[in-house]
Amino acid sequence: MTTEELKSVKIAKTVDARGTACPGPLLEAKKAIGTVKSGDIMEVLSADEGTKVDIPKWCAKQGHEYLGTIEESGFFRIFLKKQ
Amino acid sequence: MLICSSNLTEVFAFSFYYFTMQEDKGSELSLLQGQIDELKKKISRLENSRKDQLSIAIVSGDMDRILAAMIISLAAAAMDTQVKLFFSFWALSALRDRKKKAKGKNFISKMFGIMLPKGNNNLKLSKMNMAGMGPVMMKYLMKKQNVLSLEQMFKEAGKLGIEITICEMSMNLMGFRREEMIAYPHLRYAGAGTFVAEANESSIQFFI
């Protein structure tokens with residue numbers, strides 16, 4: 001998805017993992033994905049550069065659809081759709 | 001009459017041909033079925049020997065190495081990979097409870113107890129330890145960078161169902177008692193055979 005599409009997308013849940021370093025955001029994402037319905041879009045906020053690369057891999061393994069990342073000042077917004 | 005008989009022989013020849021073909025097809029099919037069954041068996045054997053499981057033998061008691069083992073384990077657990085940790089030798093220091101004490105030890109066991117770090121908060125660094133300054137600095141930096149402390153990591157690991165196996169032989173060797181180890185939800189005691197058997201099923205094996 002392009003940045004414009006991501007910005008207008010309907011988010012079911014936002015996980016703020018900016019307070020933790022690797023592998024904190026992954027753990028937060030794992031905890032939160034259980035509370036989201038299948039087909040809904042979840043957003044992970046992370047200040048950790050590594051998470052931007054890790055989340056797509058996590059999605060690929062868990063079967064979720066990675067939608068894209070928006071870079072904000074000092075953190076990343078990572079979007080994914082639950083399978 | 002002649003025509004009729006020739007027709008009859010033709011019919012016989014054709015039916016003979018037809019049935020043998022059918023028979024051939026039948027035997028081919030059963031051959032294929034046999035091969036498929038064999039492949040299925042092989043696949044199930046392969047699947048069982050390559051579980052989505054991570055096995056780590058942790059021998060080092062250095063803070064940096066235990067940190068690496070725990071971070072990798074937590075990341076694996078976050079990816080729903082089953083994690084099995086085998087703590088042996090110097091790594092036992094990380095599982096000691098600072099507040100717990102064991103009585104009735106002999107002299108050598110007591111000396112081991114005194115000289116080895118007591119718990120995951122007192123471990124040394126493998127490099128730049130600088131008589132304890134290194135770990136203090138490292139913990140300060142970790143806190144500043146929002147990295148979980150080892151204590152928090154063990155807590156998270158417990159919640160995520162990461163299994164810890166303590167090497168029974170190392171316990172005896174260094175004179176540690178079960179009552180002085182941390183209270184961890186998925187803790188058990190076993191020998192090297194258990195590690196080998198479980199590592200054999202795992203698709204990822206590490207030695208730290």
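These values consider heavy atoms only, across backbone and side chains, with no hydrogens, waters or symmetry-generated copies. Residue numbers begin at 1 in each chain, while the letters A, B, ... track the order of the sequences.
By the neighbour-count criterion of 12 heavy atoms within 6.0 Å, atom NZ of K118(B) is densely surrounded, having more than that number from other residues, nucleotides or ligands. Within 6.0 Å of CE in M142(B) there are more than 12 heavy atoms belonging to other residues, nucleotides or ligands. Counting heavy atoms of neighbouring residues, nucleotides and ligands inside a 6.0 Å radius, atom CD1 of I108(B) does not exceed 12 of them. Annotation for Q152(B): atom CD counts as buried by contact number, over 12 foreign heavy atoms lying within 6.0 Å. For R188(B), the CZ atom sits in a packed shell: over 12 heavy atoms of surrounding residues, nucleotides or ligands are nearer than 6.0 Å. Atom CD of E38(B) is surrounded by 12 or fewer heavy atoms from other residues, nucleotides or ligands within 6.0 Å. A 6.0 Å sphere centred on CD of E151(B) holds no more than 12 heavy atoms belonging to other residues, nucleotides or ligands. Surrounding CE of M130(B) are more than 12 heavy atoms belonging to other residues, nucleotides or ligands, all under 6.0 Å away.
A salt bridge links K61(A) and D52(B); the closest N-O separation between the charged side-chain nitrogens and carboxylate oxygens is under 4.0 Å.
Going from atom CG of L26(A) over to atom CD1 of I71(B) covers 12.0 Å, rounded to the nearest 0.5 Å. The structure places CG of N146(B) at 12.5 Å from SG of C22(A), a figure rounded to the nearest 0.5 Å. Within the model, atoms NZ of K30(A) and CE of M79(B) stand 11.0 Å from one another, a figure rounded to the nearest 0.5 Å. One distance of note links NZ of K159(B) with NZ of K31(A); it measures 5.0 Å at 0.5 Å rounding.
Only the side chain of L160(B) comes within contact range of chain A, with at least one heavy atom under 4.5 Å from a heavy atom of that chain.
Annotation: residues 62-83 of chain A contacts chain B through Q62(A) [non-hydrogen atoms, separation under 4.5 Å].
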